[in-house]
Amino acid sequence: MIIATYNINGIKARLNALTNWLEMRKPDVAILQEIKSVDENFPREHFEDMGYQVETHGQKSFNGVAILSKLPLEDIRRGLPGDDSDEQARWIEATVMGEKAVRICGLYLPNGNPVPGPKYDYKLAWMERMEARARQLLEFEEPFLMAGDYNIIPQAEDAKHPENWTEDALYRPESRAAWRRLLNLGFTDALRARNAAPETYSFWDFQRGAWNRNDGIRIDHFLLSSDCADLLEDCQIDSEIRGYEKPSDHVPVWVKLAA
DNA sequence: ATGGTGGGGAACCCA
């Protein structure tokens, strides 16, 4: 099966671009971030007509995550555990019932800028909660993955100009250390496991012609549990659609699993 | 050093 992650930066503005990409890539599962829509306003029927089950966890104006799936979904769970006062819609889980069942987590990790400040504190606290949830899921037998916009540049090679990001929440030592703590639980960064192409990015700013200069960063990731990594056949980034009409500032990343 | 571009939604907030 093909599972993709795609920060669409607003479902209303991206309906055509998303639809065209779904018809091109034909993913079994599309994990979406920044739908920027409440559940009632998400164009559910449009995607159901394309054969997808639609599960959203939305919010007015900001954030919001969703899962579109051609395979049955079970045990859907909305929200990251660990803080009942957190009202930001950034986490959704489901089990995809393919040949093998795979637990998937869709996430929109906080940006965290400016540093220092309350937004950065929220980012780091959110990553601690995410690590706690990952530890819980690792206790189950079934393979699982966490995919989405991590807002983390893991290493220097994940940016065209890492020197421009040294004070940014996406590249600060604390953010990258939290990412490494996740990896050290036994997760595989799918892109690095299956794709050695240099200058491989998933986000290009709308400003200053970043796309035309390939001035990008890699911040959209798949982390696979060891059981899930055993199923990994491919991982690619559909970067070309960044140059299409009315694009998001992110592009889709996808994995092919033997599941 | 600044401002440059988008989306949401109706004045700014967020990225």
Side-chain angles (χ1 to χ4, degrees), chain A residues 5-21 30-44 46-47 56-66 80 86-91 106-127 130 147-154 158-172 174-176 178-179 201-221 237 239-253:
Chain A
T5 179
Y6 187 7
N7 181 324
I8 58 175
N9 191 14
I11 185 57
K12 197 165 70 178
R14 216 65 60 215
L15 192 58
N16 285 336
L18 174 58
T19 300
N20 292 340
W21 170 75
I31 300 168
L32 307 178
Q33 302 87 39
E34 283 206 272
I35 63 173
K36 295 186 174 180
S37 162
V38 294
D39 296 337
E40 309 85 81
N41 291 345
F42 192 87
R44 157 184 306 278
H46 171 81
F47 297 106
T56 58
H57 180 40
Q59 174 183 344
K60 182 180 166 66
S61 306
F62 306 120
N63 309 320
V65 290
L80 180 64
D86 186 0
E87 296 180 347
Q88 300 192 31
R90 297 178 174 276
W91 183 269
L107 65 109
Y108 176 46
L109 208 149
N111 174 293
N113 282 304
V115 180
K119 291 184 178 179
Y120 193 50
D121 296 340
Y122 175 69
K123 176 181 195 148
L124 297 177
W126 201 95
M127 293 188 77
M130 179 176 169
D149 177 357
Y150 280 68
N151 271 313
I152 298 279
I153 303 167
D158 296 309
K160 178 78 162 191
H161 294 292
E163 69 277 12
N164 292 347
W165 296 92
T166 53
E167 301 308 314
D168 195 286
L170 279 60
Y171 195 58
R172 291 295 302 163
E174 299 86 355
S175 304
R176 295 163 65 196
W179 160 267
Y201 310 125
S202 67
F203 169 94
W204 297 260
D205 200 294
F206 286 123
Q207 304 177 63
R208 295 176 295 248
W211 166 248
N212 290 325
R213 296 182 288 112
N214 195 27
D215 182 4
I217 52 178
R218 188 174 75 98
I219 57 175
D220 299 271
H221 308 298
I237 303 184
S239 51
E240 70 278 3
I241 75 167
R242 183 62 177 79
Y244 291 4
E245 192 176 355
K246 219 168 172 345
S248 171
D249 39 7
H250 297 250
V251 295
V253 182

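Proteins come first, then strands; the chains are lettered A, B, ... in the order of their sequence lines, and each starts at number 1. From a predicted model like this one, the values you see are computed outputs, not experimental measurements.
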Greater than 12 external heavy atoms within 6.0 Å of Glu163(A)'s CD: yes
Taking atom P of dT5(B) as reference, at what distance in whole Å does atom NE2 of His250(A) sit? 19 Å
Options dA15(B), dG7(B), dG9(B), nucleotide nearest the side-chain atoms of Lys60(A): dG9(B)
Separation of the C1' atoms in dG7(B) and dA11(B), to the nearest angstrom: 15 Å
Could you pull out all residues at least two apart from Asp205(A) that satisfy side chain to side chain contact (heavy atoms under 4.5 Å, CB included)? Phe203(A), Gln207(A), Ala210(A)
The test is side chain to side chain donor-acceptor pair (under 3.5 Å); show your working for Trp204(A) and Asn214(A) and say whether it passes. CA-CA 7 Å; Trp204(A) 297 260; Asn214(A) 195 27; 2.9 Å; yes
Give me the ring orientation class for Trp179(A) and His221(A): parallel if the planes are under 30° apart, tilted from 30 to 60°, perpendicular past 60°. tilted
Look at all strands and tell whether Phe203(A) reaches a base, only sugar-phosphate, or nothing, counting heavy atoms closer than 4.0 Å. nothing
Of all the nucleotides listed (dG9(B), dT5(B), dG7(B)), which has the minimum atom distance to the side chain of Asn9(A)? dG7(B)
Phe62(A) CZ to dA10(B) P: how many Å, rounded? 11 Å
Atom CG of Asn63(A) and atom C1' of dG8(B): how far apart are they, to the nearest Å? 12 Å
Rounding to the closest angstrom, what is the interatomic distance between dC14(B) and dG9(B) at atom C1'? 13 Å
On a heavy-atom basis, which atom in Glu167(A) and which in Arg172(A) lie closest, and how many Å separate them? OE1-NH1, 3.5 Å
Between atom CG in Asn212(A) and atom P in dT5(B), what is the gap in whole Å? 14 Å
The side chain of Phe206(A) is closest to which nucleotide in this list: dG8(B), dT5(B), dA15(B)? dT5(B)
Among dT5(B), dA15(B), dG7(B), the one nearest Ala13(A) by side-chain distance: dG7(B)
Using whole Å, report how far CG of Asn111(A) lies from P of dG6(B). 19 Å
Among dG7(B), dA15(B), dG9(B), which nucleotide has an atom closest to any side-chain atom of Lys36(A)? dG7(B)
Identify, between Ile35(A) and Gln207(A), the residue whose nearest nucleotide on DNA chain B lies closer to the 5' end. Gln207(A)
Separation between the C1' atoms of dA15(B) and dG3(B), rounded to whole Å: 15 Å
To the nearest angstrom, the CG-C1' distance between Leu109(A) and dA15(B) comes to 14 Å
For DNA chain B, determine which residues of residues 113-126 of chain A have any heavy atom closer than 4.0 angstrom to one of its atoms, and list them numerically. Lys119(A)
Just how far, in rounded Å, is C1' of dA15(B) from CD of Gln59(A)? 14 Å
Should the heavy atoms of other residues, nucleotides or ligands under 6.0 Å from CD of Glu245(A) be counted, would the total exceed 12? no
Minimum-distance pair of heavy atoms, taken over all atoms of Ile152(A) and Lys123(A): CD1-CE, 3.9 Å
Atom-pair distance (NZ on Lys12(A); C1' on dA10(B)), nearest Å: 11 Å
If you assign Asp205(A) and Gln88(A) each to the DNA chain B nucleotide with the nearest heavy atom, which residue ends up on the more 5' nucleotide? Asp205(A)
In Å and rounded to the nearest 0.5 Å, what is the OH to CD distance from Tyr150(A) to Gln33(A)? 10.0 Å
